[in-house]
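Structure record follows, encoded as C-alpha cells.
Because the structure is a prediction, the values reported are computed rather than measured.
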Amino acid sequence: MARVVVVGAGLGGLAAAARLAAGGHRVTVLEQGAEVGGKLGWVSRDGHGFDTGPSLVTLPQVFRDLFDATGGPLHDVLELERLDPAVAYRFADGTRLTVPGTLDGVRDTLGPEWSALLDRAAEIWRVTEQPFLRSPLQGARTLAKLARSASDVRTVAPWASLRRLGAQYLTDPHLRMLLDRYATYSGSDPRLAPAALATVPWVEQAFGSWYVRGGLHRLPLAVADRARERGAQIATSTPVTEVLLEGGRTAGVRLADGSTVPADVVVANVDATALYRDLLPPAGPVRRARADLRKATPSSSGFVLLLALSGRTPDLAHHTVLFPDDYDAEFDGLFADPRPLPDPTVYVSAPDDPATRPDADSESWFVLVNAPRHGPVDWDAPGLADSYADDVLAVLARRGLDVRDRVRWREVRTPADLERGTGSVGGAIYGTSSNGTTAAFLRPANASPVRGLYLVGGSSHPGGGLPLVTLSAEIVAGLVGPA
C-alpha cells in the first residue's frame with residue numbers, strides 16, 4: 001500500500017484518486033479551492049444555475065469504465081442524456097446547419113464530403129486510440145511506433161495540418177469552417193494543429209454528444225463520492241506550495257501553512273507549467289521538462305458570460321455556434337497578434353434543464369468566445385472585461401440572438417479569472433496547444449522525470465477534454481499499479 005497525495009481535485013485528480021483508492025492505496029486529495037471539480041464549476045444565483053466549464057460529454061464509455069472499475073455502474077449515480085440535435089451552427093452569410101446527434105443523421109445532413117472525412121477520421125482513430133490515448137507517452141518513441149507501419153503513417157499524416165486535411169475532402173466553405181472549429185477543442189489553430197484532430201468530430205458524432213441532467217458539475221461530484229467510498233480523503237481549501245523530494249524521488253508535499261504531508265506517490269492534477277515552474281526545485285531532473293514547455297505554444301483561453309435571462313428563445317438548440325465572416329482573423333488574434341477579438345465565434349450553451357432556471361419562463365446561458373490568454377493581453381485592465389462583455393452581446397445581436405433587453409444579471413469571467421481560479425498559467429485552458437504537426441503527440445508525459453511523481457489533467461498526456469482527462473487518470477493508475 002502506497003501513501004498517495006493527489007494535488008488538485010479536478011476531474012483528472014478525482015478519477016485518479018478513485019482508481020488508486022480502489023486499488024488499495026491510501027489516498028489523500030488536496031484542493032486549493034473551496035469546492036472540488038476544477039474547471040467543472042457551478043454558479044447559482046436567484047434560481048439560475050450555470051456550468052462554468054465543459055458543457056459536453058463525449059466518449060461516455062470512458063466514464064462507464066471508470067465507475068465500473070471503482071465499485072458500481074455510472075447509471076446508478078448520474079443520468080446521461082444524448083443530445084439530438086447535437087449542435088446548431090449559424091454562419092455569417094445566413095446559412096444554418098443543425099447537426100443531428102446520431103452518426104447516420106450527421107452523414108445524411110452534412111453530405112458525402114463530410115462522410116468521406118469521417119471515414120478517414122475513423123481510420124485515424126483506429127490507429128491512434130490505443131497507442132496514443134490509452135497508453136503512457138514515451139516522447140519520440142511514441143511516434144516511432146507509428147512509423148513502423150507505412151500505411152498507418154499515411155492514414156495519420158503527421159506532416160499535415162487539420163486545415164490541409166479538410167481541404168483534401170471538403171469543398172463547401174461552411175464544412176471547412178466547421179472542421180476548423182474542432183482545433184479550438186484543444187485551444188489550437190487549425191492551420192497548425194495536426195490532421196489527427198479530425199478524430200474529435202468523429203468521436204463526437206460516432207459516440208454521441210451527451211449532457212448530465214442537473215449539470216455537468218455533477219460528474220466530478222459523483223467521482224469524488226466514489227473516491228471517498230473507496231477510502232480516499234479529500235481536503236478542500238488546502239493549497240500545496242511545494243512537491244518535496246528526497247533521494248531523487250517524491251517524499252510528499254508542503255502546504256501553504258508550512259506543514260507537510262508525506263507521500264510515496266504524488267499525482268499532480270495541476271497545470272504542467274505551474275507544476276514544473278512553481279512546485280519543484282529549478283535544478284535536477286525537471287530541467288528538460290521545463291525547457292520543453294517553454295518551447296511549446298500555450299493554448300488559447302476563453303472569455304465567458306453567464307447570462308440570467310427572462311423569457312425563452314424559440315427553437316434554441318442546447319449548443320449553438322455563431323461563426324464570424326473571417327475565421328482566420330480569429331486565429332491570428334489568438335496566437336500571432338494577441339488581442340480581444342472584435343468579431344469572434346460565439347458559443348452558447350443553453351440547457352433545457354429545470355435545474356438551470358428558476359421557472360419555465362427563464363433561461364440561463366453560458367456564452368464563450370475564444371480569447372488570448374492573460375499576459376499577452378492584460379485582462380485585468382480597468383474596464384476591459386465589462387466593455388468586452390458589451391461587445392460580445394452586440395455580436396450576438398448582429399447574428400440574430402439579441403438578448404440585451406432580457407438580461408436580469410450577468411457575470412463576466414476573463415482569462416485572468418480562470419488563471420486565479422484554477423491555477424492554469426495565463427488561463428490557458430489546455431496548457432499547451434496542439435500547434436505543430438507533432439504537438440498533440442508530445443504533451444507533458446504522465447510519468448514525470450521525478451520518480452514517484454505523475455501528471456493527470458488537460459495539460460498532460462493525452463490532452464484536454466473530459467474523456468482524455470479521465471483517460472490520463474487511468475494511465476496513471478496503471479503506472480502506479482495496485483497495492
(message) According to side-chain hydrogen bond (donor to acceptor under 3.5 Å, both in side chains), who are the partners of T470, at least two apart in sequence or on a separate chain?
(response)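 Applying side-chain hydrogen bond (donor to acceptor under 3.5 Å, both in side chains) to T470 gives none.
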Check this for me, if you would: do [X] and [Y] make a salt bridge, where the nitrogen-to-carboxylate-oxygen distance has to be below 4.0 angstrom?
{"X": "D315", "Y": "R96", "result": "no"}
{"X": "R191", "Y": "D332", "result": "yes"}
{"X": "D292", "Y": "R288", "result": "yes"}
{"X": "R399", "Y": "D325", "result": "no"}
{"X": "D417", "Y": "R420", "result": "yes"}
{"X": "D386", "Y": "R410", "result": "yes"}
{"X": "R126", "Y": "E123", "result": "yes"}
{"X": "R82", "Y": "D84", "result": "no"}

[X] versus [Y], closest heavy-atom pair with distance:
{"X": "A272", "Y": "L455", "value": "CB-CD2, 3.9 Å"}
{"X": "A16", "Y": "A473", "value": "N-CB, 3.4 Å"}
{"X": "L197", "Y": "A183", "value": "CD1-CA, 4.2 Å"}
{"X": "A296", "Y": "P298", "value": "O-CD, 3.5 Å"}
{"X": "A447", "Y": "Y454", "value": "CA-CD2, 3.9 Å"}
{"X": "P136", "Y": "N446", "value": "CA-OD1, 4.5 Å"}

(message) Less than 3.5 Å apart, any donor N or O on the side chain of Y347 or T184 sitting next to an acceptor on the other?
(response)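 On atom types as modelled, these side chains do not qualify, holding no pair under 3.5 Å.
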(request) Using distance alone, with no hydrogens and no angle criterion, decide if T102 and D104 have a side-chain donor and acceptor under 3.5 Å apart. (result)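 Judged by distance alone, the side chains do not pair up.
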Judged by atom type as modelled, is there a donor-acceptor pair below 3.5 Å linking the side chain of [X] to the main-chain atoms of [Y]?
{"X": "R413", "Y": "V304", "value": "no"}
{"X": "E113", "Y": "T171", "value": "yes"}
{"X": "R443", "Y": "T432", "value": "yes"}
{"X": "S448", "Y": "L453", "value": "yes"}
{"X": "T422", "Y": "E419", "value": "no"}

With under 30° as parallel and over 60° as perpendicular, where do the rings of [X] and [Y] fit, or are they tilted in between?
{"X": "F331", "Y": "Y327", "value": "tilted"}
{"X": "Y388", "Y": "F303", "value": "perpendicular"}
{"X": "F207", "Y": "W202", "value": "perpendicular"}

(message) For a side-chain contact (heavy atoms from CB on, under 4.5 Å) check, start with the C-alpha distance between V223 and T70, then their side-chain angles and the critical distance, and finish with the verdict.
(response) CA-CA 9 Å; V223 179; T70 57; over 6 Å; no
[X] versus [Y]: any side-chain heavy-atom pair under 4.5 Å?
{"X": "L179", "Y": "P190", "value": "no"}
{"X": "L316", "Y": "W365", "value": "yes"}
{"X": "S55", "Y": "H319", "value": "yes"}

(message) Measuring centre to centre across the rings, with the benzene-like ring taken for any Trp, is F67 within less than 6.0 Å of F63?
(response)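 Centroid separation for F67 and F63: 6.0 Å or greater.
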Distance from [X] atom [atom1] to [Y] atom [atom2], nearest 0.5 Å?
{"X": "L401", "Y": "T320", "atom1": "CG", "atom2": "OG1", "answer": "6.5 Å"}
{"X": "S188", "Y": "L162", "atom1": "OG", "atom2": "CG", "answer": "9.5 Å"}
{"X": "D180", "Y": "T345", "atom1": "CG", "atom2": "OG1", "answer": "9.5 Å"}
{"X": "S472", "Y": "H461", "atom1": "OG", "atom2": "NE2", "answer": "9.0 Å"}
{"X": "D152", "Y": "T128", "atom1": "CG", "atom2": "OG1", "answer": "9.5 Å"}

(message) So, using side chain to side chain contact (heavy atoms under 4.5 Å, CB included) as the criterion, who are the partners of L192 when residues are at least two apart?
(response)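 D189, N435.
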(message) Evaluate R277 against D271 for salt bridge (Lys or Arg N to Asp or Glu O under 4.0 Å), listing each step before the verdict.
(response) CA-CA 10 Å; R277 185 190 68 187; D271 184 274; over 6 Å; no
